[in-house]
Amino acid sequence: MIKSAVTINLVPQIKTGPWIFWDNLEASMEKSAALGFDAIELFTASGNALQSETLKTLLDRFKLKLAAVGTGAGKVINGLTLTDNDSNVRKNAIHFIVEMMEFAAPFGAPAIIGSMQGNWVQGNSHSYSVGLLAESLHILDEHAASLGVKLIYEPLNRYETNLVNTLEDGAAFIEKNQFKNIQLLADLFHMNIEEENPSESIQKNFPYIGHVHFADSNRRPVGYGHTQMNSIADALIASGYNGYISAEAFPWPDPELAAVQTIRSFNQFFR
Ligand SMILES: [Mn+2]
C-alpha cells in the first residue's frame, strides 16, 4: 500500500526551500494528521537537534510515522559534502549523515542524501568525484546495514548537482558499486527536468526506487503545474511500489493550502 507523507522543515537557514510545513513541529504534525497524511518527512539542523523522545511522543499522539529525514542541513549550515576535495570535510559529512541515520533508525526511517552528495568540481574528472561519492557511500551503506535501515540516494537535476541526474544513472551507480542498502529517490520535480519519459523511467528502474518526492513541474504542490501525473502514478502503482509518496513542494500559496492540495492530489492518484 502506497503511503502519503508531508515535509516539515525545522531549519530556519533554509527558509526558501520546498517544504510544506515550517517551524512548529507539534502544530505541523497536528495539521498533517487532521488532513489524513500517514507520515511526516523531517528536516532538522542535525541528528541531535530534536529529542527522540519528543518526536516519539508526538508521532504516537498524532498516529503518524516518520517517513524519512533529510540531511541537507549538513551542506547548508555546515558546508559539508561527500565529495569535497578535503578528506576531513568528507569525514565530517559522513559523520553528520551517520548521526541523522542513528536519529531516524529507531523509527524505521531512512536518511536521504540529496544536496550532501555535492558536485564534481573543476580540476577533477567526473569519475574522480563520483568515485569520492562511492567511497563515502560504501561507509554509509555498511552503517545502514548495522542499523537495519535503508539509505536513500537522490539523483538531482543538473542545476543542483552534476554527479548523477537520472534514475538510470543512479541505478547503474548502485549496480556498479554493489550497494546493498541504498535505494533511489524518485523526485518528480527533478525527473521532470532530467528524464526523457518519467513514467517509463520509473517502470525501468523500479527495483531501485525506495522513496518518492511528490511535486509538480514547478515544485508547487501536485496539481499546480503541468506534470502529467496520471501516467507516473500508474507506473508506480503497476510496479507495486509500496513506499512513501512524500510532498516536497513549495508551501504555495501557503502551507495549509499546499497541504490540502497535496493530500487531495495524493488521494486522486493513489487511492
Ligand atoms: Mn527531493
Side-chain angles (χ1 to χ4, degrees), residues 2-11 13-22 37 39-44 66-76 81-82 97 100-101 104 109-119 133 137 150-171 173-174 182-195 198 201-202 205 208-225 227 229 232-233 236 241 243-252 255 258-259 261-262 265-266:
I2 291 174
K3 297 158 284 184
S4 61
V6 62
T7 45
I8 301 175
N9 172 48
L10 303 174
V11 185
Q13 288 93 331
I14 46 177
K15 269 271 179 205
T16 55
W19 295 283
I20 301 284
F21 286 121
W22 301 82
F37 283 99
I40 57 166
E41 180 176 322
L42 265 186
F43 291 80
T44 61
L66 183 65
V69 295
T71 61
K75 184 182 181 195
V76 178
T81 73
L82 297 174
I97 293 167
M100 281 290 193
M101 291 167 73
I112 296 168
I113 296 173
S115 60
M116 280 292 275
Q117 67 192 276
N119 273 288
L133 178 63
L137 288 183
K150 297 287 179 191
L151 180 63
I152 304 292
Y153 171 71
E154 181 172 20
L156 305 174
N157 76 69
R158 68 191 65 188
Y159 307 107
E160 299 185 35
T161 191
N162 49 13
L163 293 171
V164 174
N165 301 122
T166 62
L167 291 185
E168 186 173 6
D169 286 353
F173 179 59
I174 288 175
I182 298 180
Q183 291 185 307
L184 297 177
L185 202 165
D187 180 307
L188 303 182
F189 169 76
H190 296 306
M191 290 177 68
N192 172 64
I193 296 169
E194 297 295 343
E195 302 287 348
S201 179
I202 285 168
N205 300 292
Y208 300 92
I209 299 175
H211 197 68
V212 174
H213 274 161
F214 196 45
D216 217 312
S217 55
N218 48 9
R219 239 323 164 218
R220 286 182 180 178
V222 170
Y224 290 145
T227 294
M229 198 57 66
I232 291 172
L236 284 165
Y241 180 71
Y244 286 102
I245 305 277
S246 185
E248 189 186 56
F250 288 128
W252 187 92
Q261 174 63 25
T262 290
S265 292
F266 177 85

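All ligand and atom numbering here is 1-based and tracks the order in the structure.
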CD (E168) with more than 12 external heavy atoms under 6.0 Å:
no
Flag the pair I113 / L137 as yes when at least one side-chain heavy-atom distance between them is below 4.5 Å, and no otherwise.
yes
Any side-chain to backbone donor/acceptor pair from N218 onto Y224? Under 3.5 Å, distance only.
yes
Assign the ring pair F214 / F266 to parallel, tilted or perpendicular, where the plane angle (0 to 90°) is split at 30° and 60°.
perpendicular
Of all heavy-atom pairs linking T262 and P221, the shortest is OG1-CB, 3.7 Å
Looking at R219, H190, E41, which one forms a side-chain hydrogen bond (donor to acceptor under 3.5 Å, both in side chains) with H213?
E41
Would you mind counting protein N, O or S atoms that sit less than 2.8 Å from the Mn ion (ligand 1)?
4
